[in-house]
Protein chains: 2
Amino acid sequence: MESRYAKINVSVDNVIFGWDGEHLNILLIEQKRAPKNVHLSPRLAIPGDLVLVEEGLDDAANRILKELTKLEGIYLRQFEAFGDPSRVKEEKDQDWLKAFREDPDAHVITVAYFSLVRMDLVNPEASSFASNTLWVEMHNIPDLAFDHNRIIDKALRRLRQNVEQKSIGFELLPEKFTLTQIQSLYEAILDKKLDKRNFRKSIKKLDTIIPLNEKQVGVTHKPGQLFEYKPS
Amino acid sequence: MESRYAKINVSVDNVIFGWDGEHLNILLIEQKRAPKNVHLSPRLAIPGDLVLVEEGLDDAANRILKELTKLEGIYLRQFEAFGDPSRVKEEKDQDWLKAFREDPDAHVITVAYFSLVRMDLVNPEASSFASNTLWVEMHNIPDLAFDHNRIIDKALRRLRQNVEQKSIGFELLPEKFTLTQIQSLYEAILDKKLDKRNFRKSIKKLDTIIPLNEKQVGVTHKPGQLFEYKPS
DNA sequence: AAACTTAGTGTAAAAAATACACTTACTAAA
DNA sequence: TTTAGTAAGTGTATTTTTTACACTAAGTTT
């Protein structure tokens, strides 16, 4: 039956941020190649998948995250839906769509999430929708599939907003961390230097960051006090 | 062909805020009744519609707004997508779905927008998806269809955030307005009293609000200076 | 013991936010 | 034409928040 309404595919895409102590990274997947293109170098994309029957958006985002990282209970935040029909019309993406989508010409709207994970907990591996996964430094993100560069850009903006308000970001750190480690992370996310004393003052005001009676070990200088994050 | 992926319906819902000089209002529609239910009092809903073939999300939101109000170029902001399958499973909504949707059991995700319009420019009237439209004061919103009460709640939160930063809201006012009028509006949106002198100071700092050489007319007291809003 | 490295700390100045009360300009009623 | 009523318009002092800034302490390595 013909209809004026679109048979729309809905997908969820997930911008997964990770922190290696020095740089902000993003988890990308290598798209599986269409048979005719197996000889080409794979295109990178942010992980995502179509939403399943009777699956909620948050559930889909969690499923993708879990399939890729085996992690559950991770910080996940929906930030925007992208639905311009042109987003799946670019030439570069046609082969992939024809090879892997039941309806390659369908209008696809995607609901974008970002999440924060500790890089050391993730062992990137292949999954049902990725032939390979890898961490890429924020500053080295290449041209990605569809409008994924734009989606990352929006995700980063939102992350920065939240970080400016000091409401999130601690999820990226190991269980126990020093104030200097938080500061490095914030500086990487915001891409600017922060004043040490003022930064410490502001973090110590948060009652979600609690001081431990422990010191950093294994460093070749004065060890810092350790703190932990207790989400409120 | 059976598929593990959902045949999902995508709709756009629009929380349309209006200001009558005293209260914040929301434009609601009376849902058309299923034939078997024409005798029942109509259920109210926020305006929305399924996204059309090859239509972008912003386009759909604008289409809905225009069909309902005849207005174009209105402030419109996407704020969240709602996609829990249970949102279209409530008993109260089944008759309507069966009567007006090709696939009443489909999972429907909706992308929600809010917009700000001048109430005096709107002449609510029937449209293709509404048998009637009406303004309802924010504080008197009844039980609505689907999860629309929740959507309004989220829209109001977002509006408040933006208003606290003084970045929006002026779209609700007539072309020329006094500082006191802005203040009343802000007080209604934020649901709290503001200090007159401090409020004026803060508004006068904005270079999007420009003073005119004109005074209010037709009031029975000292007339206020008029200002206009020039979006940057 | 000396050199190196990062941790850790306080104060003063500037900027932003808040609290607060009287005079002015106009209309309507006496 | 005076009086009463109504909202407009205005400045300062106080508190809070934000910023700028430099040295000592605790550990490790040579």
Side-chain angles (χ1 to χ4, degrees), chain A residues 19-23 160-167 170 173-174 176-188 190-229, chain B residues 19-23 160-167 169-170 173-174 176-229:
Chain A
W19 170 245
D20 61 9
E22 203 166 353
H23 296 104
R160 280 181 176 158
Q161 275 179 24
N162 289 319
V163 158
E164 299 252 22
Q165 302 160 202
K166 307 240 171 34
S167 48
F170 312 109
L173 296 166
K176 300 173 180 182
F177 48 80
T178 65
L179 295 180
T180 301
Q181 285 176 302
I182 311 184
Q183 187 174 345
S184 310
L185 169 61
Y186 272 43
E187 288 178 342
L190 299 174
D191 197 25
K192 69 178 178 195
K193 282 277 164 210
L194 301 172
D195 179 87
K196 186 167 158 185
R197 289 193 276 202
N198 294 335
F199 182 78
R200 282 163 175 255
K201 257 181 278 181
S202 71
I203 294 294
K204 283 181 174 168
K205 266 194 289 212
L206 304 177
D207 49 9
T208 50
I209 302 295
I210 54 185
L212 303 173
N213 281 327
E214 282 180 75
K215 289 180 176 177
Q216 209 175 11
V217 290
V219 288
T220 173
H221 53 74
K222 176 172 176 178
Q225 187 183 7
L226 293 171
F227 291 77
E228 67 178 4
Y229 173 55
Chain B
W19 170 246
D20 61 9
E22 202 165 354
H23 296 104
R160 280 181 176 158
Q161 275 178 24
N162 290 320
V163 158
E164 298 253 22
Q165 303 159 201
K166 308 239 170 32
S167 47
F170 311 109
L173 296 166
K176 300 172 180 184
F177 48 81
T178 66
L179 295 180
T180 302
Q181 285 176 302
I182 311 184
Q183 187 174 345
S184 310
L185 169 61
Y186 271 43
E187 288 177 341
I189 292 176
L190 299 175
D191 196 24
K192 68 176 180 198
K193 282 277 164 210
L194 301 172
D195 179 87
K196 185 168 158 183
R197 289 192 275 201
N198 296 334
F199 182 79
R200 283 164 174 254
K201 257 180 276 181
S202 71
I203 293 295
K204 284 182 174 166
K205 265 194 289 209
L206 304 177
D207 49 9
T208 50
I209 302 295
I210 54 186
L212 303 174
N213 282 327
E214 282 179 75
K215 289 180 176 178
Q216 209 176 12
V217 289
V219 287
T220 171
H221 53 73
K222 175 171 176 178
Q225 186 184 8
L226 292 172
F227 292 76
E228 67 178 4
Y229 172 55

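Reminder, nothing fancy here: chain letters follow the sequence lines and each chain counts from 1. Computed from a prediction, not measured in an experiment: that's the story for all the values here.
- With hydrogens and angles ignored, no donor-acceptor pair closer than 3.5 Å exists between the side chain of A:R200 and the base of C:dA7.
- Taking atom CG of A:N198 as the reference point, atom C1' of C:dT9 lies 12 Å away to the nearest angstrom.
- Between B:K193 atom NZ and C:dT18 atom P there is a gap of 17 Å when expressed in whole angstrom units.
- Between A:H23 and A:W19, the closest heavy-atom pair is O-CE3, 3.3 Å.
- When each of A:E228, A:Q216, A:E214 is checked for a side chain to side chain donor-acceptor pair (under 3.5 Å) with A:K176, only A:E214 meets the rule.
- A:L226 has its CG atom 11 Å from the P atom of C:dA7, to the nearest Å.
- Atom pair A:R197:CZ and C:dA13:P shows a separation of 15 Å (rounding to whole Å applied).
- Counting non-hydrogen atoms under 4.0 angstrom, A:K201 reaches a base of the nucleic acid.
- At least one donor-acceptor pair under 3.5 Å links the side chain of B:Q183 to the backbone N or O of B:L194.
- Rounded to whole angstrom, the span from the CD atom of B:Q165 across to the C1' atom of C:dA17 amounts to 16 Å.
- Exactly one of B:L173, B:L212, B:L179 qualifies for a side chain to side chain contact (heavy atoms under 4.5 Å, CB included) with B:F227. That residue is B:L179.
- Toward the 5′ end of DNA chain C lies the nearest nucleotide of B:K205, the other residue of the pair B:K196 and B:K205 mapping further downstream.
- Nucleotides of DNA chain D that come within less than 4.0 Å of any heavy atom of chain A span, from the 5' end to the 3' end, D:dT19 to D:dT29.
- With a 4.5 Å cut-off on side-chain heavy atoms, A:F170 and A:L206 count as touching.
- Counting heavy atoms of neighbouring residues, nucleotides and ligands inside a 6.0 Å radius, atom NZ of A:K166 exceeds 12 of them.
- Distance CG (B:L194) to P (C:dA19): 11 Å, rounded to an integer number of Å.
- Listed by residue number, A:K215, A:V219, A:T220, A:H221, A:K222, A:P223 are the residues of residues 212-224 of chain A with a heavy-atom contact under 4.0 Å to DNA chain D.
- We find that CD of A:Q181 is positioned 12 Å from C1' of C:dT6, with the value rounded to whole Å.
- Backbone-only contact: A:T180 has heavy atoms under 4.0 Å from sugar-phosphate atoms and none from a base.
- Residues A:I182 and A:F199 form a side-chain contact, since some pair of their non-hydrogen atoms from C-beta on lies under 4.5 Å apart.
- Looking only at side-chain heavy atoms (C-beta outward), B:K204 and B:I209 stay at 4.5 Å or farther from each other.
- Looking only at side-chain heavy atoms (C-beta outward), B:K215 and B:T178 stay at 4.5 Å or farther from each other.
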